[in-house]
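A short worksheet on the structure shown next.
Just follow the structure's listing: the first ligand is 1, and inside any ligand the first atom is 1. Count residues from 1 along the sequence.
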Amino acid sequence: MIKPPHEVVFLTSEIYPFSKSGGLADVMGILPLALARLGLRVAVITPFYGRLSTGQYSVRLVMENCPVGYPWFDTTADIYQADYHGVPVYFIDRAEYFDRRQYYCTHKGDYFDNGERFIFFCRAALSAIRHLNMGARIVHAQDWHAGLAMAYLAFWRRTDPYWAGVRTVMSIHNLAYQGRFSYRLFEESNLPLEAWNMEGVEFYNSFNLLKAGIAYADKITTVSPSYAREIMTPEFGCGLEGILTRRKNDLVGILNGADYSIWSPANDPVLECTYSAVDPSGKRACKMNLLRVMGLSDVLLDRPIFGFIGRLREQKGIDIVLEIIPELMKLDVGLVVLGEGGAEFESALLAIMEDYLGRIEAIIGYTEEMSHVIQAGTDIFLMPSRYEPCGLTQMYSLSYGTPPVATAVGGLRDTIIPYPQPGANGFVFSDITSESLLNSARQAVQVWEDRETWQRIVVNAMEANFSWEKSGHQYIDVYRSLHKDILI
Ligand code: ADP
Ligand code: GLC
């Protein structure tokens, strides 16, 4: 049998280092490479954003005017391609949709035409698969932006022999973002009317693109085993718990890994001094550097500094972090925050900094470099998420010897061994309130003061290993359940 050029084609709205607003980009920057290393032939399709970082990768035009047929029958896209360490990444270019300053929204809210932009993306990506003869056997969609591709393929393969053998996988990175639009967009999408029902794309009279993915994909994955269980309950299911429970036999939780070629203090070019579990002494130099660049008081060199990095949204519990600051500061500690998001949280952080000069510093914005400097230079990482599908920042904080204080949800539960259990690498609390967060933070400070115990926890943290190879094998099992001969 002649092998097809690509067994799996990923559809994603972000891929690091080309584009990134959160963890999805990190996952797409490494999972395809991990699968390629295991022998799978993979490709990735993503939008050509105006703010794409092409860096060291050269991007070339591979097809002009690829027919898309959406929203008008004669609409087309140009397709570019880059070689990303042996994995081809295809970029869908249509300036009116993607050549903007941001990916999805401005400070005023979501772009008004996000529905149209990502329906276009799905249609263009499928068209590119066909016109560039990618030979995909599995189309693997990420999050709501790519969800509609699952529905198109489910219908097209009934009648079009080109798609007949193609199987589909939908990965959920965050169920709270569903991509809900109006019936008008459904009508324009050209899906058959039979898709508009409770078991299809309709959700309380809206057109729900993530639900389309869940309803029509052959298999569904999410990014940790705990989140896979949680999303079948009303508390975490965001209204989709019913359909997810009905699809339970096709739903699997596969824990993300961390990319240790980027997130390891032993070889991080950004750090003042590298360090490792065997010789963690360089972490102190990183802490001194953090104090200097952030203008924090030298007194903190011998007191614990808390770090927080993430989107300033309720998901991440930044509101309860703000609530505990006065009590936290009574413990003689420091706090460094890096994030952007909700305007109310941004201004509250900037205001509270004024009350604790030299003790609290917040960077409102997005800077990849500072995220490394903070992971290395702080002592304890705060991650009181209300829900966390997987969470990568706690994996990075573990790697940098900065034990997390986190809630017992989703991927946090699956990656942190809470003190005082044997092998503890962090602190976990169940009740998502500011009181519980404060108690857990107090406990961490107390343990920090016991240098020997703390050092053991730091070493346990640095020795944790969330390998993409292991997760890659689990994805291959999912693909093989759809095409037995994959990778043979
Ligand atoms: P989520 O995807 O829900 O935002 P994750 O923990 O999975 O959360 O991944 C977040 C990713 O985004 C990490 O790589 C983290 O370092 C990065 N990140 C988040 N906020 C910022 C920021 N303000 N500056 C730099 N990196 C950030
Ligand atoms: C989402 C989730 C986060 C997860 C990331 C990558 O953004 O919020 O928990 O780690 O996707 O899967």
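- In terms of protein heavy-atom proximity, atom 22 (C) of ligand 1 is closest to Y366 CD1, 3.4 Å.
- Assignment of Y16 to the shell around ligand 1 is not supported, since no heavy atom sits closer than 4.0 Å.
- Heavy-atom distances between G365 and ligand 1 reach below 4.0 Å in at least one pair.
- Side-chain atoms of K20 never come within 3.5 Å of backbone atoms of D26 as a donor-acceptor pair (strictly under, hydrogens ignored).
- Side-chain contact of K283 with T402: a donor-acceptor pair under 3.5 Å is present, judged by distance alone.
- The closest protein non-hydrogen atom to atom 3 (C) of ligand 2 is E388 OE2, 3.4 Å.
- Atom 4 (O) of ligand 1 has R311 NE, 2.8 Å as its closest protein atom, hydrogens excluded (heavy atom only).
- Using a 3.5 Å distance cut-off with no hydrogens or angles, the side chains of E14 and S21 do pair a donor with an acceptor.
- Of the listed options T393, N174, I374, T393 places a heavy atom closest to atom 16 (O) of ligand 1.
- A centroid separation of less than 6.0 Å is found between the aromatic rings of Y97 and F120.
- When each atom of ligand 2 is checked for a heavy atom of N174 under 4.0 Å away, the hits are 8 (O).
- In this structure, R180 forms no cation-pi arrangement with F203, as its terminal cationic atom is not both closer than 6.0 Å to the ring centre and no more than 45° off the ring axis.
- Between F98 and F91, the ring center distance fails the sub-6.0 Å criterion.
- For an aromatic pair to be called close, the ring centres must be under 6.0 Å apart, and Y227 with H173 fails this.
- The shell of residues lying under 4.0 angstrom from ligand 1, judged by heavy atoms, includes K20.
- Which of G23, G411, G341, G29 comes nearest to atom 10 (C) of ligand 1 through a heavy atom is settled by distance: it is G23.
- Annotation for ligand 1: atoms under 4.0 Å from non-hydrogen atoms of L392 are 5 (P), 6 (O), 7 (O).
- Each of the following atoms of ligand 1 lies closer than 4.0 Å to a heavy atom of G391: 6 (O), 7 (O).
- At least one heavy atom of G310 sits under 4.0 Å from some atom of ligand 1.
- Proximity to N256 (heavy-atom distance under 4.0 Å) selects the following atoms of ligand 2: 6 (C), 10 (O), 12 (O).
- With a heavy-atom cut-off of 4.0 Å, K316 touches ligand 1 through its side chain alone.
- A donor-acceptor pair shorter than 3.5 Å can be found between the side chains of Y400 and D268.
- Each of the following atoms of ligand 2 lies closer than 4.0 Å to a heavy atom of Q315: 8 (O).
- No side-chain donor-acceptor contact under 3.5 Å links S371 and Y396.
- Every N/O-N/O distance between V27 and ligand 2 stays at or above 3.5 Å.
- The single protein non-hydrogen atom nearest to atom 1 (C) of ligand 2 is H173 O, 3.0 Å, given as residue, atom name and distance.
- Distance alone, capped at 3.5 Å, places no donor-acceptor pair between the R386 side chain and the I432 backbone.
- Residue, atom and distance of the protein heavy atom nearest to atom 24 (N) of ligand 1 are T367 N, 3.2 Å.
- Taking the charged nitrogens against the carboxylate oxygens, R41 and E7 do have a contact shorter than 4.0 Å, which makes a salt bridge.
- When each atom of ligand 1 is checked for a heavy atom of D26 under 4.0 Å away, the hits are 13 (C), 14 (O).
- Here V223 has side-chain heavy atoms under 4.0 Å from ligand 2, and that is the only part of it that gets that close.
- Near P389, meaning under 4.0 Å from one of its heavy atoms, ligand 2 places the atoms 2 (C), 8 (O), 9 (O).
- Close placement of the F181 and W144 rings is indicated, their centers lying within 6.0 Å of each other.
- Looking at Y387 and N174, their side chains do bring a donor and an acceptor atom within 3.5 Å of each other.
- Considering backbone and side-chain N/O atoms, W263 never comes within less than 3.5 Å of an N/O atom of ligand 1.
- Heavy atoms of G391 come nearer than 4.0 angstrom to ligand 2 in at least one pair.
- Classification of the Y57-H85 ring pair by plane angle, with boundaries at 30° and 60°, yields perpendicular.
- Here's the thing with S21: none of its N/O atoms is less than 3.5 angstrom from an N/O atom of ligand 1.
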